There are 2 protein chains.
Amino acid sequence: MRTSTAEAMEICSVEVTVSLLGGCWKLTIIQKLLEGTLRFGELRREVGYVTDRVLTRQLRELEADGIIHREVYPQVPPKVEYSLTPLGESLRDMVAMMDAWGQHWAKEQGVGAATEKSAEPAAV
Amino acid sequence: MRTSTAEAMEICSVEVTVSLLGGCWKLTIIQKLLEGTLRFGELRREVGYVTDRVLTRQLRELEADGIIHREVYPQVPPKVEYSLTPLGESLRDMVAMMDAWGQHWAKEQGVGAATEKSAEPAAV
DNA sequence: CAGCATCCTCGAGGATACTG
DNA sequence: CAGTATCCTCGAGGATGCTG
């Protein structure tokens, strides 16, 4: 993906969005955060199969892109809360739409098509 | 991205959508196709910087996922037309939304934030 | 024209271990 | 608890050249 957000912008805005939210768990993270502020650990548990390193990275990227806010509490047992910025909040409808379309796709093609494509090859 | 659409489905529908449309030029392709049927060459030109191999792959994937239709004309000068399936058409609103959000982001954070992040490093 | 075939790069994503 | 540090894999994306 050469689309470095900067490059993407010169192509078309859709690519920008993808380059920003295309990360592996980003949309899931945003979706969870849409329901409220979460701590690092909570987020990790919510998201599911994601390692600290990866989650941290995604969060930092989202933060750098102004989509989420990172609030650090200088305490002995570290505490860091993540929440959406207004810009992140502005994704609510889009996330809902993508979620709905994902389900729609699963219903339309998922069962039939996906079976052909990734029935056995799919590990486990 | 371990999310193999199949895996993604078990996590959340949003990831499904990303796994389906997250490909490098997929959204751009769809966006162009939303305006009408296009031939391979036209599409290649429309999309911009994309090689045959990559474009072909993205198209095949989109086809396999039931998003676009590939019409081959058995002629001497080969002719292949690509168009959206109803499922692909159903992406119209979402694409528009993503496009709008991409622009919104560019306006909100793009100028300021993006500059810090990828001003000079961005290869020309 | 619309592609395959080949080869290569490169970095996102992941696994594991350690720490303030 | 919330990371950071290392190392590794793997395949998407890309460059180039050939062809029916």
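Please read these numbers as outputs of a predicted model, since none were measured by experiment. What's counted below: heavy atoms across the whole structure, side chains too, no hydrogens, waters or symmetry copies.
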Protein-nucleotide distance ([X], atom [atom1]; [N], atom [atom2]), rounded to Å:
{"X": "Leu59(A)", "N": "dC1(D)", "atom1": "CG", "atom2": "P", "answer": "16 Å"}
{"X": "Leu38(B)", "N": "dA2(C)", "atom1": "CG", "atom2": "P", "answer": "11 Å"}
{"X": "Phe40(B)", "N": "dT19(D)", "atom1": "CZ", "atom2": "P", "answer": "18 Å"}
{"X": "Arg70(A)", "N": "dT4(D)", "atom1": "CZ", "atom2": "P", "answer": "7 Å"}
{"X": "Leu55(A)", "N": "dA12(C)", "atom1": "CG", "atom2": "P", "answer": "16 Å"}

Hey, any chance Ile67(A) and Val72(A) share a hydrophobic cluster, counting ILVMFWY side chains that come within less than 4.5 Å of each other, even indirectly? yes
Candidates dC7(D), dG14(D), dG3(D) - which lies nearest the side chain of Arg53(A):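 Selected nucleotide: dC7(D).
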Looking only at the side chain of Thr51(A) (C-beta and beyond, no hydrogens), which of the listed nucleotides dT16(C), dC1(C), dC4(C) gets closest? dT16(C)
Which residues, if any, of residues 73-82 of chain A bring a heavy atom under 4.0 Å of DNA chain D? Pro78(A), Lys79(A), Val80(A), Tyr82(A)
Is the closest side-chain donor-acceptor distance between Glu81(A) and Thr37(A) under 3.5 Å?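 Side-chain D/A pair, Glu81(A) to Thr37(A): absent.
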Counting only side-chain N and O atoms of [X], is one of them less than 4.0 Å from OP1 or OP2 of [N]?
{"X": "Arg39(B)", "N": "dG3(C)", "result": "no"}
{"X": "Arg44(B)", "N": "dC1(C)", "result": "no"}
{"X": "Arg57(A)", "N": "dA12(C)", "result": "yes"}
{"X": "Arg45(B)", "N": "dA2(C)", "result": "no"}

Hey, which of these two, Asp52(B) or Asp52(A), hits DNA chain C nearer its 5' end, going by closest nucleotide?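 That would be Asp52(B).
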Answer yes or no: is there a donor N or O on one side and an acceptor on the other, between the side chain of Thr85(A) and the main chain of Gly66(A), under 3.5 Å?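 It does hold such a pair.
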Whether Trp105(B) side chain and Asp65(A) backbone form a donor-acceptor pair below 3.5 Å: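 Checked: pair present.
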Would you compute the distance between atom NZ of Lys32(A) and atom CG of Leu43(A) and round it to the nearest 0.5 angstrom? 9.5 Å
Euclidean distance, Arg57(B) CZ relative to Trp25(B) CH2, rounded to 0.5 Å: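 Separation between the atoms: 14.5 Å.
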Remember a base hit wins even if backbone is also touched, and classify Gln58(A) as base, sugar-phosphate or nothing at under 4.0 Å, heavy atoms.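 Here Gln58(A) touches the backbone only, sparing every base.
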What I want to find out is whether Arg45(B) reaches Glu42(B) closely enough, with some N-O distance under 4.0 Å, to be called a salt bridge. no
